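Data block below; observations after.
Every chain is numbered from 1 and lettered A, B, ... according to where its sequence line falls, protein lines coming before strand lines. Here the structure is a predicted model, which is why all the values come from computation and not from measurement. What you see below is based on every heavy atom in this structure, not just the backbone, and it leaves out hydrogens, waters and symmetry mates.
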Amino acid sequence: METVGDLRRTHGCGELCVDHIGENVVLMGWVKRQRDHGGVIFFDLRDRTGIVQVVLSPDESGDVFAKGETARAEYVVAVRGEVRRRPPGTENPKMATGEIEVVAKELRILNTVRSLPFYPDEAESVDEALRLRYRYLDLRRPKYWEIFAMRHRAAQEIRNFLTRKGFLEIETPMLTRSTPEGARDYLVPSRIYPGRFYALPQSPQLFKQILMVAGFERYFQFARCFRDEDLRADRQPEFTQLDLEMSFISEEELFALVEEMLADLFSQVLEKNVKTPFPRLKYREALDRYGTDKPDTRIGMEITNVSALVAESSCKIFAQTVQKGGVVKGIRVPEGATFSRRVLDELSRLAVDWGARGLAWFVLGGEEVKSPLAKLFTAQEMEALITAMGGKPGDLLLFVADKDEVAGPVLANLRLELARRLQLAKPEDFSFVWITEFPLLEYNEDEKRWEAVHHPFTAPYEEDIGFLETAPEKVRARAYDLILNGTEIGGGSIRNYRRDLQEKIFRIIGLPEEEAQEKFGFLLEALDCGAPPHGGIAFGFDRLLMLMLGRETIRDVIAFPKTQSATCLLTQAPASVTPRQLEELHISILERAEQKSPR
RNA sequence: GGAGCUGUAGUGUAGCGGUUAACACGCCGGCCUGUCAAGCCGGAGAUCGCGGGUUCAAUUCCCGUCAGCUCCGCCA
């Protein structure tokens with residue numbers, strides 16, 4: 001092995017082209033692959049800029065050639081040599097630098113490799129657990145350079161945009177206090193105060209509101225957030241929010257700003273035109289039409305409620321469901337009549353998995369309707385049902401008869417499943433939709449109390465304030481979510497800026513006066529000190545990037561993600577600490593028969 | 001907390017109640033002056049995730065467990 005010595009890199013591998021022919025260059029990078037022909041050796045040399053072929057010939061230097069024979073894939077080398085046009089017939093059109101090659105005059109092996117668990121080349125087919133353990137090998141791929149370059153550009157673009165709009169990027173504490181409501185907190189024990197804990201922020205929510213009270217008017221931050229809840233493909237325990245807050249604004253102004261920001265982002269980073277303004281759906285409307293508050297609006301097949309139509313029909317299953325207060329809702333699958341019986345059975349089984357009692361299907365042929373339920377309807381009833389659904393010959397109609405809370409989500413899932421099978425959603429399409437007018441409160445049956453749907457700082461619609469005490473379920477929140485292709489990428493609200501209203505809401509969600517004072521006293525006090533009307537929104541930055549890049553997991557856009565069981569396979573975190581550390585923090589570990597330890 | 005899928009040389013896979021556990025890539029050695037997924041010849045490399053059970057016999061069947069993934073619950 002050798003040192004870099006006096007060699008200084010002059011070019012990136014991928015920067016070289018025919019313009020450099022005849023130049024002497026110094027390259028440094030990784031040997032992607034070595035092809036030893038006995039009499040001549042080729043390297044593909046890779047650095048962050050790309051790949052170029054290096055030729056080692058005994059005609060140039062016996063020493064260089066001998067050294068080259070020992071080089072292996074992923075060795076780190078420095079090459080001094082001359083850029084040359086490849087001999088006619090040996091150009092490689094598959095390489096960006098395929099017209100040229102570098103003839104090595106000097107080769108220094110800067111670092112070697114024992115045997116690697118896998119090579120970056122083959123990582124695509126390697127088990128993800130192994131890739132996470134050796135994340136640096138996985139990341140040693142152009143794919144990831146592109147992802148992280150894009151992540152950087154996106155953040156940069158947003159910073160520039162918000163800066164132009166008068167926003168200040170301000171950091172808020174990572175060591176803060178645990179507050180009730182919301183997700184489970186990650187706690188950090190205090191050394192100085194035995195038995196007391198900081199919490200890592202779930203979001204900078206209260207700090208950004210207080211910045212508004214402070215008069216900053218426009219704030220944003222790429223904020224790391226922590227939530228100790230179970231993971232999913234699009235959920236990590238620590239993630240990055242693009243958080244922003246503004247004073248003296250209405251929903252309309254915020255929507256316009258966000259739409260402009262995203263349109264700018266998509267055009268600058270993806271060269272995609274995003275149509276603004278984004279469509280809006282009221283929460284109730286979203287549930288009625290899509291069965292979910294985060295609909296994928298790339299796909300059609302909206303839900304139709306046929307409850308009224310079948311309430312008196314001769315089909316008892318349908319009629320009785322409606323009479324008992326349930327609903328019968330369906331979707332029309334265009335061209336779905338081609339589905340085999342086996343597929344229909346699969347869909348039925350899925351519907352049952354999702355909680356339905358069953359799935360009623362009607363295959364619309366030219367003349368007749370094929371369905372296990374067909375004979376339960378009179379001809380007129382069937383005709384009316386098909387008309388209501390807009391059914392045409394060749395279509396498939398699917399119905400779920402159940403409580404509304406069951407039928408909606410089942411049909412929502414069916415929509416997605418059908419879209420997958422029929423490939424209805426084009427990955428290159430980006431379909432945004434705002435969901436508005438969420439309910440402010442929701443009754444929690446387990447805890448026998450009302451709780452905030454969004455968070456307790458969300459303002460109710462002024463005209464609904466009167467219902468707060470009489471009919472809390474009727475109160476609409478000035479909250480909004482932004483949905484992209486069926487994934488929630490952002491959410492926010494106009495906040496309560498007056499102490500009396502905030503206290504009233506705390507009271508209704510069953511937060512006793514003293515507790516409200518203890519946990520949120522600083523906020524209430526701030527509201528009392530001249531808080532302006534304000535509101536904001538926060539985006540899941542990782543999620544947004546995942547969608548922009550068409551990736552299926554958020555892990556792909558995070559350099560060092562955690563596993564589904566919240567461990568880091570690279571560092572083996574979480575790990576045990578020394579008794580001394582625990583003692584200093586005044587912590588003792590409960591004895592447990594079986595101690596779970598990550599490994 | 002629950003459901004499902006996966007776990008076999010370094011990597012990806014095949015396999016089967018009794019085999020010498022197979023193949024490809026990689027690795028090691030040799031040959032080779034125009035390859036670019038180089039080629040040819042040879043070689044090494046596996047307690048079949050772990051524990052228990054059934055069986056004359058288990059990598060194979062059963063139970064448990066661990067790990068990874070997907071989903072439900074959870075995620076103001």
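Taking only distance into account, the side chain of A/R555 never meets the base of B/C69 through a donor-acceptor pair shorter than 3.5 Å. A donor N or O paired with an acceptor N or O is not found under 3.5 Å between the base of B/G10 and the side-chain atoms of A/E122. The base of B/U33 lies outside donor-acceptor range of the side chain of A/R35, with no N or O pair under 3.5 Å. Remark: the A/R33 side chain and the B/C36 base include no donor-acceptor N/O pair separated by less than 3.5 Å. For A/R85 against B/G34, no side-chain N or O and base N or O form a donor-acceptor pair under 3.5 Å. Residue-to-nucleotide contacts include a donor-acceptor pair under 3.5 Å from the side chain of A/R232 to the base of B/G73. Taking only distance into account, the side chain of A/D127 never meets the base of B/G7 through a donor-acceptor pair shorter than 3.5 Å.
Annotation: B/U35 and B/C48 have their P atoms spaced 44 Å apart (nearest Å). If you take atom P in B/A58 and the same atom in B/A37, they sit 47 Å apart, rounded to whole Å. A gap of 33 Å separates the C1' atoms of B/G26 and B/U65, to the nearest Å. Distance check on atom C1': B/A9 versus B/C28 gives 15 Å, rounded to whole Å. Rounded to a whole angstrom, the distance from the P atom of B/U47 to that of B/G12 is 15 Å. Annotation: B/U59 and B/A22 have their P atoms spaced 16 Å apart (nearest Å). Annotation: B/G15 and B/U54 have their P atoms spaced 29 Å apart (nearest Å). The gap from the P atom of B/A67 to that of B/C25 amounts to 35 Å, rounded to the nearest Å.
Heavy atoms of A/L130 sit under 4.0 angstrom from primed sugar atoms or phosphate atoms, though from no base atom. Within the 4.0 angstrom heavy-atom criterion, only backbone atoms of the sugar-phosphate kind lie near A/E128; the bases stay farther away. At a threshold of 4.0 angstrom between heavy atoms, the contacts of A/R495 with the nucleic acid are absent. Looking at heavy-atom distances under 4.0 Å, A/I41 makes no contact with the nucleic acid at all. Residue-level contact check: A/Q236 touches neither bases nor backbone, having no heavy atom under 4.0 Å from any strand. Nucleic acid contact class of A/E101 (heavy atoms, under 4.0 Å, all strands): base. The residue A/R86 sits close to a base: some heavy atom pair falls under 4.0 Å. At a threshold of 4.0 angstrom between heavy atoms, the contacts of A/P117 are confined to the sugar-phosphate backbone, with no base atom among them. A/D59 comes within 4.0 angstrom of a nucleotide base, judged by non-hydrogen atoms across all strands. Looking at heavy-atom distances under 4.0 Å, A/T458 makes no contact with the nucleic acid at all. Note on A/F457: nothing from the nucleic acid sits closer than 4.0 angstrom, heavy atoms only. At a threshold of 4.0 angstrom between heavy atoms, the contacts of A/D353 with the nucleic acid are absent.
For the pair A/T436/A/Y283, no side-chain contact is recorded, criterion being any heavy-atom separation below 4.5 Å from C-beta on.
Neither side chain, A/Q241 nor A/S203, offers a donor N or O lying under 3.5 Å from an acceptor on the other. Checking A/D243 against A/Q221 by side-chain atom types alone, no donor-acceptor pair falls below 3.5 Å.
In this structure, B/U19 shows a glycosidic angle within 90 degrees of zero, which is the syn conformation.
Look at A/D464 and A/R476 and you find a salt bridge, because one of the NZ, NE, NH1 or NH2 atoms lies within 4.0 Å of a carboxylate O, short of that distance. The pair A/E74-A/R46 meets the salt-bridge criterion, with a side-chain N (NZ, NE, NH1 or NH2) lying under 4.0 Å from an Asp/Glu carboxylate O.
Checking A/Q202 against A/S125, the closest nucleotide of RNA chain B that is more toward the 5' end is the one next to A/S125.
Taking side-chain N and O atoms only, A/S115 has no distance below 4.0 Å to OP1 or OP2 of B/C27. OP1 or OP2 of B/A37 sits under 4.0 Å from a side-chain N or O of A/K94.
Side-chain atoms of A/R415 come within 3.5 Å of backbone atoms of A/D296 as a donor-acceptor pair (strictly under, hydrogens ignored).
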I would like to know whether A/Q202 and A/D185 meet side chain to side chain donor-acceptor pair (under 3.5 Å); could you show each step before the answer?
-> CA-CA 7 Å; A/Q202 295 182 27; A/D185 283 318; 2.7 Å; yes

